[in-house]
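In what follows, a single structure is set out as structure tokens and then discussed.
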Amino acid sequence: MAAKDRPWLMRTYAGHSTAEASNELYRRNLAKGQTGLSVAFDLPTQTGYDPDHVLARGEVGRVGVPVSHLGDMRRLFAGIPLERTNTSMTINATAMWLLALYQVVAEEQGLDEAGVARLAGTTQNDIVKEYLSRGTYVFPPGPSLRLTTDTIAYTVDRMPKWNPINICSYHLQEAGATPVQEIAYAMSTATAVLDAVRDSGQVPADRMGDVVGRISFFVNAGVRFVEEMCKMRAFTRIWDTLTRERYGIEDPRQRRFRYGVQVNSLGLTEAQPENNVQRIVLEMLAVTLSKDARARAVQLPAWNEALGLPRPWDQQWSLRIQQVLAYESDLLEHADLFDGSHVVEARVAELVEGATAEMAHIAQLGGAVAAVESGYLKAQLVASHAERRARIESGEEKIVGVNCHTETEPSPLTADLDTAILTVDADVEARVAAALHEWRLSRDEPRAQRALTALKAAAAGTANLMPASLECARAGVTTGEWAWALRDVFGEFRAPTGVGGAPVAVAATAQGTDGEAALTAVRARAAGTAAELGTGRLRLLVGKPGLDGHSNGAEQIAVRARDAGFEVVYQGIRLTPEQIATAAVAEDVHCVGLSILSGSHAELVPDVLDRLRRAGAGDVPVVVGGIIPSADAEALRAAGVAAVFTPKDFGITQIIGRIVGEIRRANKLDPQEVPA
């Protein structure tokens, strides 16, 4: 029997409301046996806005903790010795800034230069996938890659135990990536990053092994756990070949494929949410069963994440799932269970071949950054996601409790939905903004302004930006100020949506409830409604207000509405309610569809409704989709929303049919039957 393997780092992805509340949560989780921290930052922090910015409205403290300056970071880690803590920070566009704050807090805890060198953890810092799937980018690809490169060069020299980036394929899978695409796009991103570091001149050629050895990955594991396990073995094989052949890394320890994982959150269901527990277990097995491709850090979502924000008890349940596998089972006592398996080897070889071919194609397009800028990668993901949604709707791909075996007994877990999730206090945003103003008033203002001026000067030149960012942190500069200083130099960026290039994905033979093909029926009724209204086509505005970058659902609605004959207005993510209302009036749309997954619907949707009424477009129906608790859905309908769609509404064609019905109702047309 092989020597018993050590358990992986056990984390829960956590953070909400305020730094103080999140610090309390971290301490409780560590006391329960969690062995590492995984910090969730709120969307303003991730996208470089202070909590008093107009785009931050409704987003402060919702999906993570707000960190606006050094004082917040101090409170976030108060009483937690950073020298003995392995901290993962899910942060991308502003990764350098958060790492600078983290280092300064560590110094304030008494760490000297040698102590800082012992800090261990990870900044996500993969900006390419933000343009494709998550949407928390700020700057154009070139400057973004420079920030990543500078962070890597700095940490290799000053923080050699820190993982300055994890190439993140997690969100690619949620955006529709197949295993082949997930591997190929992640590896192409890693190649772009390593090439940029090598070509920057900041790291001597003989230290590229140190760079490669600190590159980590963050992956997704879906419920097809055999395929997912084979995917991880394929990842390992390709990474070993790539780093040896392209970068000449001879030390096998530096070529090791090092990854952490969170299993598929967006694959969890609102319907029969208790089924999510077994999904989470199966997905965890995909990244733990194979010793040769085992994750070194695992964080599991909670069973109720499709309903809203998990409570501490829900997170504890997920932590206990890991602990039972690691400490009660005999998994860690054996060598790799799959060595010699002809089935596994054949599937791994197939994935390696497919991913290698797609990597070569991306290289022909000019590499990952060029493939982002051209829209190729985004269009491929939107198309792949549309195909998967079509398989679910047709029943070809089965999801228990959603499109099959929907009969159910009442669940005690959801008997009271309003208490089955954690809610963020409504006054958190105001309190955080007030504290920010006090911080600005109390700091050394001349020093802060000098630091920002120096940051801009460094950005305009070629110097590594980490030293200037550290001085900004020490001088009391805020997250928004740091980001705006760089916006002034680098500009901003709007990524391609991928909607225009997505092919028709729904088979016209999918049967509707009335015996006709469902999409054909909706298309006919949409055309008939347009004719009755005296217009060529119905016009639908799909809007994403606020900072929520999860655009997958919005893109699929836009694509299906287009296929149903609508003229679709979709401008991508990060819009204010004012911009959405203005566009709705200017485009004379027949319906506005808002997509929000971050929890900011209670603030942003009524704002859009109010602005439409003031613009004389109050009769335009507004529908909303997202992770919306039942009580909030009732409040939105009472405020004037025509329909609310949540994850249980998996039939996109049926949603489009409902939209046609709402347009007819708003225009006082005969409410002819529309598939719903």
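Here, residue 1 is the first one in the sequence, and each next residue gets the next number.
For R134 and D126, the salt-bridge test fails: no basic side-chain N is under 4.0 Å from an acidic carboxylate O. In summary, E555 and K378 engage in a salt bridge, as defined by a charged side-chain N under 4.0 Å from a carboxylate O. A salt bridge links R560 with E393: at least one charged nitrogen is closer than 4.0 Å to a carboxylate oxygen. With respect to the salt-bridge test (charged N to carboxylate O, under 4.0 angstrom), the residues R198 and D195 qualify. A salt bridge is defined here as a Lys NZ or Arg NE, NH1 or NH2 lying under 4.0 Å from an Asp or Glu carboxylate O, and E345 with R237 meets this definition. Contact check on R294 versus D5 returns a salt bridge, with a Lys/Arg side-chain nitrogen under 4.0 Å from an Asp/Glu carboxylate oxygen.
With sequence neighbours left out, Y259 forms a ring-ring contact (aromatic ring centres under 6.0 Å, His included) with F257. Listed by chain and residue number, nothing satisfies the ring-ring contact (aromatic ring centres under 6.0 Å, His included) test with Y185 (two or more places apart in sequence, or in another chain). A search for ring-ring contact (aromatic ring centres under 6.0 Å, His included) contacts involving H405 returns nothing, not counting sequence neighbours. Residues satisfying the side-chain hydrogen bond (donor to acceptor under 3.5 Å, both in side chains) test with Y154, not counting sequence neighbours, are Q103.
If you check the side chains of N166 and R258, you find no donor sitting under 3.5 Å from an acceptor. Side chain to side chain, K648 and Q272 fail the donor-acceptor criterion of an N or O pair below 3.5 Å. Side-chain contact, Q254 with T243: no donor N or O sits under 3.5 Å from an acceptor N or O. Judged by distance alone, the side chains of T123 and Y102 never bring a donor and an acceptor atom under 3.5 Å apart. Checked by atom type, the side-chain pair N29/R11 shows no donor-acceptor distance below 3.5 Å.
The backbone N or O of G267 sits less than 3.5 Å from a side-chain atom of N264, completing a donor-acceptor pair. S200 places a side-chain N or O within donor-acceptor distance of the main-chain N or O of V197, the cut-off being under 3.5 Å. Although no hydrogens or angles enter the test, the distance criterion places a donor-acceptor pair under 3.5 Å between the side chain of S329 and the main chain of L331. With hydrogens and angles disregarded, no donor-acceptor distance shorter than 3.5 Å links the side chain of T406 to the backbone of V402. Listed for the S188 side chain is no donor-acceptor partner under 3.5 Å among the backbone atoms of I362. No donor-acceptor pair under 3.5 Å is formed between the side chain of E328 and the backbone N or O of Q323. Judged by distance alone, the side chain of S341 and the main-chain N or O of V344 form a donor-acceptor pair under 3.5 Å. In this structure, D336 contributes its side chain and D292 its backbone to a donor-acceptor pair below 3.5 Å. A donor-acceptor contact shorter than 3.5 Å links the side chain of R207 to the backbone of V156. Without hydrogens or angle criteria, S551 side chain to A554 main chain gives no donor-acceptor distance under 3.5 Å.
In R320, the CZ atom is crowded: over 12 heavy atoms of neighbouring residues, nucleotides or ligands sit closer than 6.0 Å. Other residues, nucleotides and ligands contribute at most 12 non-hydrogen atoms within 6.0 Å of the CZ atom of R388.
Residue pairs meeting the salt bridge (Lys or Arg N to Asp or Glu O under 4.0 Å) criterion with at least one member in residues 306-319, sequence neighbours excluded: R311-D314. Each salt bridge (Lys or Arg N to Asp or Glu O under 4.0 Å) pair with one or both residues in residues 264-288, not counting sequence neighbours, would appear here, but there are none.
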side-chain hydrogen bond (donor to acceptor under 3.5 Å, both in side chains) for S38 and Q299? Distances and angles first, verdict last. CA-CA 8 Å; S38 181; Q299 58 191 47; 2.7 Å; yes

Assess the residue pair L30 and L37 against the criterion (side-chain contact (heavy atoms from CB on, under 4.5 Å)); give the C-alpha distance rounded to whole Å, side-chain angles, the decisive distance to 0.1 Å, and a yes or no. CA-CA 8 Å; L30 290 169; L37 292 177; 4.0 Å; yes

Worked check of side-chain contact (heavy atoms from CB on, under 4.5 Å) between L9 and R296: CA-CA 6 Å; L9 275 172; R296 294 318 310 170; over 6 Å; no

For E182 and N220: C-alpha separation, side-chain torsions, deciding distance, then whether side-chain contact (heavy atoms from CB on, under 4.5 Å) applies. CA-CA 9 Å; E182 188 177 344; N220 200 332; 4.1 Å; yes

Can you list the steps and then say if L325 with L285 is a side-chain contact (heavy atoms from CB on, under 4.5 Å)? CA-CA 9 Å; L325 179 64; L285 291 177; 4.2 Å; yes

List the steps, then state whether salt bridge (Lys or Arg N to Asp or Glu O under 4.0 Å) holds for D240 with R256. CA-CA 7 Å; D240 186 77; R256 182 183 180 187; over 6 Å; no

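Contact detail for G15 and S22: the closest heavy-atom pair is CA-OG, 3.5 Å. Considering every non-hydrogen atom in both A293 and T236, the closest pair reads CB-OG1, 3.9 Å. Taking both residues in full, the closest heavy atoms of M359 and I238 are given as SD-CG2, 4.1 Å, listed atom of the first, atom of the second, then distance. Contact detail for L351 and P179: the closest heavy-atom pair is CD2-CB, 3.8 Å. Across every non-hydrogen atom of Y26 and A14, the tightest pair is OH-O, 2.8 Å. Smallest separation of non-hydrogen atoms from P164 and T155: CB-OG1, 3.2 Å.
Annotation: side chain of T178 is in contact with side chain of Q181 (closest heavy-atom distance under 4.5 Å). Between T12 and L300 there is no side-chain heavy-atom pair separated by less than 4.5 Å. Between V261 and F218, every side-chain heavy-atom pair lies at or beyond the 4.5 Å cut-off. Using a 4.5 Å cut-off on side-chain heavy atoms (C-beta onward), L119 and K161 make no contact. Using a 4.5 Å cut-off on side-chain heavy atoms (C-beta onward), H334 and K291 make no contact. The closest side-chain heavy-atom distance from I152 to T148 is below 4.5 Å. Contact check for L413 versus P273: no side-chain heavy atoms found under the 4.5 Å cut-off.
Once rounded to the nearest 0.5 Å, the distance linking CG of L242 with CZ of R255 reads 11.0 Å. For the atom pair E130 CD and T136 OG1, the distance stands at 3.0 Å (nearest 0.5 Å). Atoms OG1 and CG, from T122 and N86 in turn, are 6.0 Å apart once rounded to the nearest 0.5 Å. Distance OH/Y170 to OG/S265: 3.5 Å, rounded to 0.5 Å. Taking CD from E397 and CZ from R389, the interatomic distance works out to 10.0 Å, rounded to the nearest 0.5 Å. One finds the CZ atom of R27 at 12.0 Å from the CG atom of L25 (value rounded to the nearest 0.5 Å).
Each of R233, E228, M229 was evaluated against K231; a single residue qualifies, E228, per the side chain to side chain contact (heavy atoms under 4.5 Å, CB included) test.
Ring geometry for Y376 against H361 counts as perpendicular: the plane angle is over 60°, on a 0 to 90° scale with 30° as the lower cut.
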